Amino acid sequence: MASKRQQDECRKQDKKKKKKKCEEAAELCSWVEDEQVKSAVKEAWSRRSHCSHGDLELDCHPFPHCIIKNFLSSEAFVENLQRELLELNFHEKSNDLYKFKQSEDLKKRTEPYIAGLRTALFGRFRSWLGDVLGVELEPTVDISCARYEYTDVLLCHDDELEGRRVAFILYLVPPWQSSDGGTLDLYTTDSESHYCICLGAILLCLTTDVLYIFHFCLQVSEVLSQDKCRLSLGGWFHGPSLERPPRYIEPLVPRSPHIPRDETLLLEWVNPVYLDISYQEQIQEEFEDNSEIQLKDFLKEEKFREVNEQLRLSQIQWMKRGPPNKRCCEVASLETVPQCVSACWELLHSEAFFLLLSNFTGLRLHYLCPADDDDDNDEDKVRKNKPEEERDEEATGSSSESANAKLSTPVCCGELRRWSHGGYTLLHDGEAARAEYALDLLLPFGCTGWESEFGGFTCYVANEEDEELLTVYPEDNSLALVYRDKETLKFVKHVNHKSFSDSADSSTCRAFYDFSFVYYE
């Protein structure tokens, strides 16, 4: 028995030795090991002042961040680390905020160079960083690898999650120019904490480590190089959370009731097939089944061509709409649009169009829309089955609410947008908190030659879920109607560099336009 126990002990010791042997030690740059440099950086960090020592530079504007070039001192180690990382399985990640490839968690990977770097980062470098910050950082390992290639991007965001204290990114890239894109862009807010403002970009170089403590916003700009891979390791050091400034809540977009225009406007603009009552009934039946529909060739051909031409040629004033942590798109100043474009806007805002939408959808967007008798009957049945006391309470307590609901005036809000390279909208917490039942309308123009791979399509997702419920692709003269409940959110996918023309003049960027309206019962 004793000899068997000794054999087991020997086996365990052999395994530990093998484990140690298979982990390659990572040599960090000399600046990290220098006590005088550490003291200087610690003092500068505490005073939020600039500090520079060789390859190490600390800057506190717009938020504290530190750049350490040549973070790994051994070229052989770097080459082997790159090889191991590129052999990992990467999974494509894509949503409103980003598009890139990411490895699985590297917390337990046993490759020698990955394991060696992980030990160095979360061992002696974590200790160095904790001393500089004057904070005890937790031993929690949080690290993964990301590959950004042509058109990949991570849009403006913050990484505000409980327990995260300092982020790090270690770049392992070939020679890189600003024209390759993929820069790390730093943002801050204006004086009233309303809007994010880009204050500068960090250009990448091999084995550069970037650290940043709590930040307002940053982004990885779109990679524009078609033959370079932006390979990086990133993660977080965890520790006591910092106090966050209050989030700015945007005011609601102003809404207005319909404008008094009769069916003459419909006869002038809308394809006659959609004015046929029996066809409207078919549309309503399909819409009630699917909560969405696309009506192709919606406008009369001559009207569509006229608006399409004027949007492309007219000197319309386009205003950039942000902030970039929520959206980046161009919206037309309505005072500068030509008459036919203004008339199309008027159509979508008119009383006759509200009634037409009611006929298409069954929603109560006009007082002439018939009440849904089935709903009223169901409510009556439920009321009769309730105890008498509850029925009395409802009769007295909710009568005013019912009256207000019946008297509510349908309203809408809308804008004319231009979508070109760099345009997008994002999901955000404020939108989810104030979500309402609503009917979305999209009417695109100038989509000839527009491909889905360019982006610019509208995605609908369930709140706090990644799965897409519906995607609406821009299509000329195709009216899209989508009914949203309180758990459904939408975003416009980032328009990427592929939207540039394939012609000899590659500086020509394609664009399309849309009227985007939201209607409320």
Side-chain angles (χ1 to χ4, degrees), residues 28-29 32 41-42 44-45 48 51 56-69 71-72 85 93 97-98 100 102-107 114 117-118 120-148 152-173 182-189 196 198-205 207-221 230-245 324-325:
L28 305 184
C29 68
V32 175
V41 174
K42 181 177 181 178
W45 192 286
R48 297 293 188 266
C51 175
L56 186 152
E57 183 177 5
L58 169 68
D59 196 352
C60 292
H61 188 68
F63 49 80
H65 61 279
C66 183
I67 301 172
I68 307 173
K69 295 180 180 177
F71 181 70
L72 297 173
L85 292 172
K93 296 171 68 69
L97 185 63
Y98 49 69
F100 65 97
Q102 187 176 46
S103 75
E104 59 199 45
D105 195 333
L106 302 183
K107 184 187 299 185
I114 293 175
L117 176 65
R118 185 178 61 228
L121 278 173
F122 292 94
R124 64 184 187 275
F125 185 68
R126 176 175 62 87
S127 176
W128 178 90
L129 187 58
D131 289 345
V132 166
L133 297 178
V135 172
E136 187 174 346
L137 297 174
E138 300 168 6
T140 304
V141 174
D142 185 345
I143 184 171
S144 62
C145 181
R147 285 177 58 178
Y148 286 76
D152 287 346
V153 68
L154 172 59
L155 297 170
C156 185
H157 69 289
D158 63 37
D159 285 321
E160 190 174 320
L161 284 179
E162 195 68 29
R164 289 178 169 181
R165 187 60 185 251
V166 182
F168 68 88
I169 307 173
L170 176 63
Y171 293 109
L172 300 161
V173 295
T183 54
L184 184 68
D185 299 337
L186 308 183
Y187 288 76
T188 188
T189 56
C196 287
C198 185
L199 291 179
I202 296 174
L203 191 61
L204 318 183
C205 59
T207 68
T208 297
D209 194 36
V210 179
L211 303 168
Y212 46 93
I213 201 164
F214 163 70
H215 59 271
F216 288 105
C217 281
L218 58 76
Q219 76 170 9
V220 175
S221 68
R230 182 191 188 275
L231 186 69
S232 65
L233 282 160
W236 283 86
F237 295 101
H238 291 249
S241 296
L242 289 169
E243 185 179 348
R244 313 292 186 179
N325 59 327

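Hydrogens, waters and symmetry mates are skipped; everything else that's a heavy atom, side chains included, is used. What you are looking at is a predicted structure, and each value in this text was computed from that prediction instead of being measured.
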I'd like to know whether Leu28 forms a side-chain contact (heavy atoms from CB on, under 4.5 Å) with Leu72, so could you lay out the CA-CA distance, the side-chain angles of the two residues, the decisive distance to 0.1 Å, and finally the verdict.
CA-CA 5 Å; Leu28 305 184; Leu72 297 173; 3.8 Å; yes
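- Taking the side-chain hydrogen bond (donor to acceptor under 3.5 Å, both in side chains) definition, one finds that Ser221 meets it with Thr183, sequence neighbours left out.
- Considering only residues two or more places apart in sequence or on other chains, Tyr148 meets the ring pair (Phe, Tyr, Trp, His ring centres under 6.0 Å) condition with Phe100.
- Here the straight-line distance linking atom CD1 of Ile67 with atom CG of Asp59 works out to 7.5 Å at 0.5 Å rounding.
- The two residues Cys217 and Phe63 make their nearest non-hydrogen contact at O-CE2, 3.8 Å.
- Considering all non-hydrogen atoms of both residues, Tyr187 and Pro324 come closest at CE2-CG, 3.7 Å.
- His157 places a side-chain N or O within 3.5 Å of a backbone atom of Leu218 that can act as its donor or acceptor partner.
- Minimum interatomic distance between Val173 and Arg230 (heavy atoms only, all atoms of both residues): CG1-CA, 3.9 Å.
- Considering CD of Gln219 and CG of Leu97, their distance stands at 10.0 Å, rounded to 0.5 Å.
- Ring centroids of Phe125 and Phe71 are separated by less than 6.0 Å, placing the two rings close together.
- Rounded to the nearest 0.5 angstrom, Leu56 CG and Cys29 SG are separated by 7.0 Å.
- When side chains are defined from C-beta on, Leu231 counts as touching Arg147, because their heavy atoms get closer than 4.5 Å.
- Listed here is the closest heavy atom pair of Leu106 and Cys145: CD1-N, 4.0 Å.
- Here the closest non-hydrogen pair linking Ser144 and Glu104 is CB-O, 4.2 Å.
- With a 4.5 Å cut-off on side-chain heavy atoms, Leu172 and Leu233 count as touching.
- When all heavy atoms of Val135 and Arg165 are compared, the pair lying nearest together is CG2-NH2, 3.6 Å.
- In this structure, Arg126 contributes its side chain and Leu137 its backbone to a donor-acceptor pair below 3.5 Å.
- Considering only heavy atoms from C-beta on, Leu170 stays 4.5 Å or farther from Leu121 through its side chain.
- Between the side chain of Trp45 and the backbone N or O of Val132 there is no donor-acceptor pair closer than 3.5 Å.
- Under the 30°/60° scheme for interplanar angles, the aromatic rings of Phe122 and Phe168 are found to stand perpendicular.
- Taking CD1 of Ile68 as the start and CD of Glu57 as the end, the distance is 11.5 Å to the nearest 0.5 Å.
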